[in-house]
Asker: 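Before anything else, here's the structure in question.
Labels below follow one simple rule: chain letters A, B, ... track the order of the sequence lines, proteins then strands, and each chain is numbered from 1.
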Amino acid sequence: MGEPDGAAPASPAEGSARIEYELNLYFQMKLIRAFEERVSRLHRQNKILGGVYSGTGQEAIVTGICAPLRDGDFVAPLHRDLGVFLMRGVDPGRLMAQLMGKETGLSRGKDSFLHGGDLEHGIFGSTSMLGSSLPVAVGAALKFQIRGEKHVAVAFFGEGASSRGDVHEAMNFAGVRKLPVIFVCENNRYAYSTPLEKQMAIENVADRAAAYGFRGHVVSGNDLLAVVQLSERVIERVREGGGPALIECKTYRYRGHSEHDPALYRDKDELIEWESRDPIPRYEFYLEKRGHDIRAIREQIDERTRRIVQEAVDFAENSPWPAPESAMEDLYAPSMLPSSSNGKRQ
Amino acid sequence: MGEPDGAAPASPAEGSARIEYELNLYFQMKLIRAFEERVSRLHRQNKILGGVYSGTGQEAIVTGICAPLRDGDFVAPLHRDLGVFLMRGVDPGRLMAQLMGKETGLSRGKDSFLHGGDLEHGIFGSTSMLGSSLPVAVGAALKFQIRGEKHVAVAFFGEGASSRGDVHEAMNFAGVRKLPVIFVCENNRYAYSTPLEKQMAIENVADRAAAYGFRGHVVSGNDLLAVVQLSERVIERVREGGGPALIECKTYRYRGHSEHDPALYRDKDELIEWESRDPIPRYEFYLEKRGHDIRAIREQIDERTRRIVQEAVDFAENSPWPAPESAMEDLYAPSMLPSSSNGKRQ
Amino acid sequence: MEVTYLTAINQALHEEMRRDESVFIMGEDVAELGGAFKVTEGLLDAFGENRVIDMPISESLIVGAGIGAAILGMRPVVEMQFSDFIACAFDQIVNTAATLRYRHGGRAACPLVIRSPSGAGVHGALFHSQNPEAWFTRVPGLKVVAPATPYDAKGLLKSAIRDGNPVLYFEHKRLYRSIKEDLPEGDFTVPIGVAELRQSGKDLSIITYGGTLNQCLDAARIVEKEDGLSVEVLDLRTLLPLDREAILATARKTGKVLIVHEDRVTGGIGGEVAAIIAENAFDSLDAPIRRVGAADTHLAFSPPMEEFILPNSNKIVEAIRSLAAY
Amino acid sequence: MEVTYLTAINQALHEEMRRDESVFIMGEDVAELGGAFKVTEGLLDAFGENRVIDMPISESLIVGAGIGAAILGMRPVVEMQFSDFIACAFDQIVNTAATLRYRHGGRAACPLVIRSPSGAGVHGALFHSQNPEAWFTRVPGLKVVAPATPYDAKGLLKSAIRDGNPVLYFEHKRLYRSIKEDLPEGDFTVPIGVAELRQSGKDLSIITYGGTLNQCLDAARIVEKEDGLSVEVLDLRTLLPLDREAILATARKTGKVLIVHEDRVTGGIGGEVAAIIAENAFDSLDAPIRRVGAADTHLAFSPPMEEFILPNSNKIVEAIRSLAAY
Ligand SMILES: Cc1ncc(C[n+]2csc(CCOP(=O)(O)OP(=O)(O)O)c2C)c(N)n1
Ligand SMILES: Cc1ncc(C[n+]2csc(CCOP(=O)(O)OP(=O)(O)O)c2C)c(N)n1
Ligand SMILES: [Mg+2]
Ligand SMILES: [Mg+2]
């Protein structure tokens, strides 16, 4: 298994490397779950002041999609995709510090939750404006194409965000230029309180790919194995110049829209139904079928994730606040080249 | 045939009324052609100062789509759809005055070309921002639905405009609410200099309807009979609550993007090909097959349209300029109700 | 009855929808949820799905559809879930709505209200704290209001709904539950375009609106007590059109003007107000026109920075003192 | 060689693309057509389809994609076909681009140039005449420039391309072919953030930029000849950040300030400039600060109204005289 704060290794085809890879995915998924549960708790304890959007229940998606990614690939996560940061090897302590607004966080306290991004790990800090990150991911893919780099850009978005005009503009142009970009829709059936059928008149967001001249895929977002198998195949094809792809992952949001939301607009039965499709036991069952001693593994990993998360919390809590005046920093980058004159004609 | 400045009568099923209706469509198409050709000429003579966007070659679309419309229906024309104004019974003189910026024009000289609109005839004056009129048409359709009125809204747009996010947002919501709106794409293969294949990776804009849960139709936009037959059927269905529809009319822009544009980026052969599909001779051929003396009719109608256009030009040229200070008028409507107080607490 | 700022808005919506059938609501999560802040609570039950409409996440469409319905005589009240997202509907507001009547030569109207919860001080960070009002105060054809009290929140919303034009209604989300006021029974409105003198004074004038009104009043109380200063406080309430008479009257009266808003100093409406005064009341001025507002940066998340950035009564007191001493 | 304003821009693009492989162009009709105004003419032939890209009609995508490429080290120069359409890309500019570095804690940069042909006086009417600059001068993280001469057009575009931040570059379309200037051989830049004194004077200062600079110089010549007035003319050139020193220096020197821009008076950057002066150079002022700009309405189409709305040298002369007589 990889280091706790190391990025998941790219998917090896088979053998013991494959086994290690599969176990690492399990570890990653568990780490995300543990991390997010702790975040929710910290929010209840008023230790995280900003909005907290839990991806609990959707871990298989970020895990499975990010698994085949390489250094230099570009990812624009959704507001619920804290897991992307962990999967790509961002230090959990810095991530926790980010959520608390500390100086050691990704944005140095400037912004909250996931808006900090971490370009060193190829993670774009999306704005709050849903859908607006898709054009950006397309621009990253355009850069890869122009420069002939074998990288891909991945843009996550919700089925709610799919209604934004930016999503259309981005997908259309990606289709025209056959850009190396993968659009990943996490369809969790709700956008805040708004159910699917008020958001769109069709069943699958993936069907929209046809409107842009590329392929759409539907997969169970709660089945890590299925997501990984699909994403390995699709990302490989996109990387090799096959043009864009749209992957729709059917899933469900366990918690409220944000931690403030009791989600009373939802049916209890629905939640029970979906919790019974939880990605973690499902993947454990797979590992068991593969002959692993899942009990022992679970125990060991629970211990490990607990430690990692606790260390992250400790790091974040012990980190200093940013200096008040640092609010005026980081607005502008220095110019690349000095200007040659004072602007007076010589 | 209807009065020159009267709206086309709603389509009668058969008999002599049908004959008259079909002849009137011919007249309308010819009037649009004559009017637009004169407008181009006036532009060359510097008598029209603003941008002029000719719809010559595309007359069958506006004629055929507007034919089944009724009073109270709502139309948002494209920048090339001067014909919509004539079809809906706007006085040609006022329309010409509009293009010249005269006080008697639809916008009293405030705006140029088609942005004036004429809500008395159910015509929305679109802004220049391509695609932005589709949400507006959807809002009109929403009003019809909320109020249970059997009206439809029609929004014209180019295949270029189809790339705008607003188009997506509008179609998606129209699908969700099953609104009485018809989206009409005039696919003339170019957006300014940009050819179809740089605009989209698919062949038919109409195929996008499936992404929104309603039906898309493709029709030759140079075949008036085909457009009318389709639009009668589709508009009837939409009017009766069948939900939105998308009609794509395949056509071609004869002239440059605007009168300033020599359109050197196009192949000459392409133009010749498409001019040979001109909607007017094609429809004349149909009328002939129907047993009409097309020569006589043409002569008579040419004479009539010439007269109407000349009268329009005379009216416009003899109309006064708006007063300079009237630039400050028409910014705000009066309030519906007086405020009850000066805002101090009683 | 004493009601919060939030309840005042909710009441206005209820009452106007009852009064006029053409009033209806569109926005994200406004129906069953009653809005992210519960501003539209109860409306779905009272008026049904045809008049309280949950919309897809399509800000441009929400405003555009509002325009389409408004042209045909409806009076839509649309909601931006947070005012920050208004940037996504920018074209529809500044181009389609603002020019609508003008480009139709006066033969059309667009009675549309766009409600936007705005403002900072709630740990909202960059995208849930914005004060976008000054983007719109430079656009003819629009009206812009920003109430600071429950009374004005209710009265201005009613006026906005009854107005014949697109009105941007910025409600400050920090005020939702933090201020209360006893409102009169029965229908009342607050006219658009009329500022309100919150406190008379003779030494110095503060011109403010929205989220900073109470900070200004606090500051005025402090300097009255501690420095014996008599401060006049003018609440603009409407930002477009500005109440120039009221602005000039207070400037002429005291000769010293401090403009305060939560919006950033640079590009906030304070610049426009200062320019109006410097142009039209120059002879009455006894001191530089000063501005206090958010620092010229984004609304950072971390509390020490948020505190640094935002105006507060201490910073206002300081500015008053330096101006008084001039 | 004497070149037009338009050619100066075209030269800057050619030279920067030659200098730096990471510079590339995106926009509607920029490649084969060479742009609606021919500003990008010849670039496709010189640099090929991978660096001069015709885009679909998707302003938000055009800017957003520019941001994505810029983050990864490219230096995109994107074009809005007319600056009016920038409203369609508003969110990407003010939210994604302007906050990018900030929300990444300083560990990211967005070296993006957005070129927008702006301005009135060419019978463009409501949607082909706008001056949108002041929507952006209130947004930290952006820079905004508006050159008034071929020299500055070239030099500022080069600086913008070499800058590490999103720069809005407003080129005035009335100037494209109407002004010419002899440009020096070889590479030169004009620094962002530095205003330029176009003419020294002692009686009165005009502060202006972009499309009205020449009108101001004409007016200054007229009043010099006819009234013996000595007028100082400061060309801001950069609108964000403003050159406060230069603004305050001229205000302190002459004591009388007239601000002129083609943008509307209300909400134009003149308000901000006036406020800076009224706050920081109050003691030096001998007269009210006056503003001349477009009337507070939309840019109407009909020539008599267009004339009524827009500033011109006669209106400026009048303002100078009344200010001088104060
Ligand atoms: C443009 C925009 N409009 C509204 C919002 C407010 N908002 C935040 S999350 C959300 C729901 C998002 O739903 P979806 O895209 O399905 O993602 P999910 O939260 O379900 O993962 C809304 C409406 C926003 N962030 N951006
Ligand atoms: C949002 C926006 N971007 C750019 C333009 C400039 N423009 C005007 S017409 C046009 C081409 C339109 O093509 P299409 O939609 O196919 O309509 P057509 O002119 O071919 O009828 C362009 C790019 C515009 N008007 N609006
Ligand atoms: Mg969702
Ligand atoms: Mg076209």
Asker: Got a second to check how far B/Phe124's CZ is from C/Ile71's CD1, nearest 0.5 Å?
Answerer: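 It is 4.5 Å, given to the nearest 0.5 Å.
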Asker: Any donor and acceptor pair, going by atom type alone, linking the side chain of C/Asn165 with main-chain N or O of B/Ala333 inside 3.5 Å?
Answerer: yes
Asker: Heavy-atom pairs under 4.5 Å with chain B - which of C/Pro76, C/Ala108, C/Ala98, C/Gly68 has more of them than the others?
Answerer: C/Gly68
Asker: Counting only non-hydrogen atoms closer than 4.5 Å, does C/Glu21 touch chain B with its backbone (N, CA, C, O), its side chain (CB onward), both, or neither?
Answerer: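 Both backbone and side chain.
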Asker: Shorter than 4.5 Å, heavy atoms on both sides: which option in C/Ile62, C/Asp91, C/Thr99, C/Ile57 has the most such pairs with chain B?
Answerer: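 Going by pairs under 4.5 Å, I would pick C/Asp91.
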Asker: Looking at every non-hydrogen atom in both residues, tell me the closest pair between B/Pro135 and C/Gln92 and how far apart they are.
Answerer: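 It is CG-NE2, 3.6 Å.
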Asker: Does one side chain, of C/Asn95 or B/Thr127, offer a donor that lies under 3.5 Å from an acceptor on the other?
Answerer: no
Asker: Do C/Pro56 and B/Glu169 make a side-chain contact, defined as non-hydrogen atoms from C-beta onward lying under 4.5 Å apart?
Answerer: no
Asker: Please flag which part of B/Ser112 lies under 4.5 Å from any non-hydrogen atom of chain C: side chain, backbone, both or neither.
Answerer: neither
Asker: Does any backbone or side-chain atom of C/Leu100 lie under 4.5 Å from a heavy atom of chain B? Answer side chain, backbone, both or neither.
Answerer: side chain
Asker: Inspect the surroundings of CD in C/Glu2 and state if more than 12 heavy atoms from other residues, nucleotides or ligands are less than 6.0 Å away.
Answerer: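 Yes - once you tally the heavy atoms of other residues, nucleotides and ligands closer than 6.0 Å, there are more than 12.
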Asker: Check the surroundings of atom NZ in C/Lys253: do more than 12 heavy atoms from other residues, nucleotides or ligands lie under 6.0 Å from it?
Answerer: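 Enclosed.
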Asker: Can you give me the closest heavy-atom contact between B/Tyr332 and C/Leu142, atom names plus distance?
Answerer: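 Smallest heavy-atom distance, with atoms named: OH-O, 2.6 Å.
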Asker: Tell me whether the count of non-hydrogen atoms from other residues, nucleotides or ligands lying under 6.0 Å of CD in C/Glu49 goes above 12.
Answerer: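 For C/Glu49, atom CD is not crowded (no more than 12 foreign heavy atoms under 6.0 Å).
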Asker: Can you list the residues of residues 141-155 of chain B that sit under 4.5 Å from chain C, counting heavy atoms only?
Answerer: B/Leu142, B/Lys143, B/Phe144, B/Ile146, B/Arg147
Asker: Is B/Glu329 in contact with chain C via its backbone, its side chain, both, or neither, using a 4.5 Å heavy-atom distance?
Answerer: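 Answer is backbone: N, CA, C or O of B/Glu329 sit under 4.5 Å from chain C.
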Asker: Please identify, among C/Glu59, C/Met55, C/Arg51, the residue contributing the most non-hydrogen atom pairs under 4.5 Å to chain B.
Answerer: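 When all of C/Glu59, C/Met55, C/Arg51 are compared, C/Met55 has the most.
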Asker: Ignoring hydrogens, what is the shortest heavy-atom contact between B/Ile123 and C/His104? Give both atom names and the distance.
Answerer: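 Heavy atoms of B/Ile123 and C/His104 come nearest at O-NE2, 4.3 Å.
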Asker: If you compare all heavy atoms of C/Thr96 against all heavy atoms of B/Ser132, which two are closest, and at what distance to 0.1 Å?
Answerer: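 In this case the closest contact between C/Thr96 and B/Ser132 is OG1-CB, 4.2 Å.
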Asker: Compare every heavy atom of C/Arg103 with every heavy atom of B/Ser107, then report the nearest pair and how far apart it is.
Answerer: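 For B/Ser107 and C/Arg103, the tightest heavy-atom pair comes out as CB-O, 2.9 Å.
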Asker: Can you find a heavy atom in the side chain of C/Arg107 that is under 4.5 Å from one in the side chain of B/Asp118?
Answerer: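 In short, these two side chains touch, coming nearer than 4.5 Å.
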Asker: Which atoms form the tightest heavy-atom contact between B/Ala327 and C/Tyr102, and what is the distance?
Answerer: O-OH, 2.6 Å
Asker: Would you give the length of the straight line joining atom CG of C/Leu61 to atom CE of B/Met171, rounded to the nearest 0.5 angstrom?
Answerer: 11.5 Å
